[in-house]
Amino acid sequence: MTQRTDGRGTPFRRWASRTPRLLRGAVAAAASLLVVTALSPTAQAVQQAVPRPKAPREFVALRTVDPSIIQEMRYITPHDFVGEPIDGYRQPLCILTRPAAEALHRAQLTLLRRGYSLKVYDCYRPQRAVDHFVRWAKDLDDERMKAEFYPRVDKSRLFTDGYIAEKSGHSRGSTMDLTIVKLPALPTRPYHPGQRLVPCYAPKGQRFPDNSLDMGTGFDCFDTLAHTDDPRVQGVQRANRQFLKSILAAQGFVNLPEEWWHFTYQPEPFPSTYFDFPVSWRSVTGL
């Protein structure tokens with residue numbers, strides 16, 4: 001009997017014996033293609049994702065240098081002038097360049113001997129957070145937190161008056177916002193979105209409660225009363241501001257005159273570099 005072929009010279013019987021293997025291979029390949037196609041958006045995102053930026057080795061978590069310093073990191077919460085958590089804040093963590101963190105530790109030792117502690121509100125701030133502030137400032141219709149943080153400032157003037165800028169010294173890693181707390185530290189009542197807001201310059205017993213010394217205004221108060229040496233701030237409030245300023249100045253920190261809470265350690269390790277890695281343990285540990 002003449003052996004049949006498949007038209008390409010291959011004996012039909014031999015082709016038939018290979019068919020199950022070929023079909024299995026084809027089916028497997030098709031299935032794989034379907035899986036890849038079904039997951040392609042995620043797969044492509046993973047393949048094309050830019051590696052998450054990490055902090056240079058000169059940056060540390062403040063807790064690893066001085067765990068006694070109180071941390072009340074505001075921008076991971078909705079209790080800020082925007083009214084929502086800010087981009088780039090993944091964990092309630094103070095990150096600083098090591099020289100700045102070590103200088104804060106020395107200041108803390110001085111305060112602890114006198115029955116006080118530092119409390120930080122914000123430390124390193126990624127550029128994406130600054131960008132979030134800028135987008136918010138341009139949206140003149142969003143004034144949900146005006147009654148507390150900028151009751152006497154027209155939102156259209158936030159850039160002109162210097163309250164918002166496209167770059168921040170915080171992004172260089174040696175600037176922080178902080179205050180002083182009398183020990184033992186009393187807990188601070190949590191903020192509840194939608195609660196009645198009180199001007200940040202109201203008397204301490206009326207504005208949002210804070211366990212810090214009375215500095216005359218709350219943190220992030222967009223008002224000239226927040227200027228460190230504003231002549232209208234006198235008595236105990238002025239003495240408390242000078243107390244904070246003197247303790248930090250002794251360790252190399254320079255105050256921003258427009259904000260009693262704002263200090264920069266000098267010399268800065270990165271005086272002209274603005275970083276954008278997230279505020280998280282992973283950024284400083286790689287884990």
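Values below: all heavy atoms of this structure, side chains included; hydrogens, waters and symmetry mates excluded. Position 1 is the first residue of the sequence; numbering continues from there.
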inquiry  = Among R125, R172, K167, which residue satisfies the side chain to side chain donor-acceptor pair (under 3.5 Å) criterion with Y274?
reply    =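 When R125, R172, K167 are each tested with Y274, the side chain to side chain donor-acceptor pair (under 3.5 Å) holds only for R172.
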query = Of the options K204, R189, K119, which is the one that meets D210 in a side chain to side chain donor-acceptor pair (under 3.5 Å)?
reply =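 Single side chain to side chain donor-acceptor pair (under 3.5 Å) partner of D210 among K204, R189, K119: K119.
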message = Using side-chain heavy atoms (C-beta onward) and a distance below 4.5 Å, is K155 in contact with Y150?
response =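 Answer yes - side chains close enough.
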ask   = Are side-chain heavy atoms of M215 and Q237 found at a separation under 4.5 Å?
value =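 No, too far: nothing below the 4.5 Å cut-off.
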query = So if you build clusters from Ile, Leu, Val, Met, Phe, Trp, Tyr with side-chain heavy-atom gaps below 4.5 Å, do Y201 and V198 land together?
reply =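 No, it is not one cluster - the side chains of Y201 and V198 are not joined through contacts under 4.5 Å.
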query = Do Y75 and V82 sit in the same hydrophobic cluster, where Ile, Leu, Val, Met, Phe, Trp and Tyr count as joined when their side-chain heavy atoms come under 4.5 Å apart?
reply =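 In one cluster with Y75: V82, yes.
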message = Which heavy atom of W261 sits nearest to which heavy atom of C221, and what is that distance?
response =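 Of all heavy-atom pairs spanning W261 and C221, the closest is CH2-N, 3.3 Å.
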inquiry  = Looking at every heavy atom in both A55 and V284, which two are closest together, and how far apart are they?
reply    =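 Scanning both residues, the minimum pair turns out to be CB-CG1, 4.1 Å.
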Short side-chain to backbone donor-acceptor contact, [X] and [Y], under 3.5 Å:
X    : Y    : result
T285 : W281 : yes
E268 : Y265 : no
D276 : Q127 : yes
R241 : H227 : yes

Summary of ring pair (Phe, Tyr, Trp, His ring centres under 6.0 Å) pairs that have at least one residue in residues 161-182, sequence neighbours excluded =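 Sorted result for residues 161-182: Y163-F222, H170-H262.
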query = Does a donor on one side chain sit under 3.5 Å from an acceptor on the other, for K182 and N211?
reply =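 Checked: K182/N211 side chains show no N/O donor-acceptor pair below 3.5 Å.
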D66 versus Q108, side-chain donor and acceptor atoms under 3.5 Å =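 Distance-only check fails for Q108 and D66.
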ask   = Which of parallel (below 30°), tilted (30 to 60°) and perpendicular (above 60°) describes F219 and Y121?
value =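 F219 and Y121: parallel rings.
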Test: R135 and D87 ion pair at under 4.0 Å =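 Yes.
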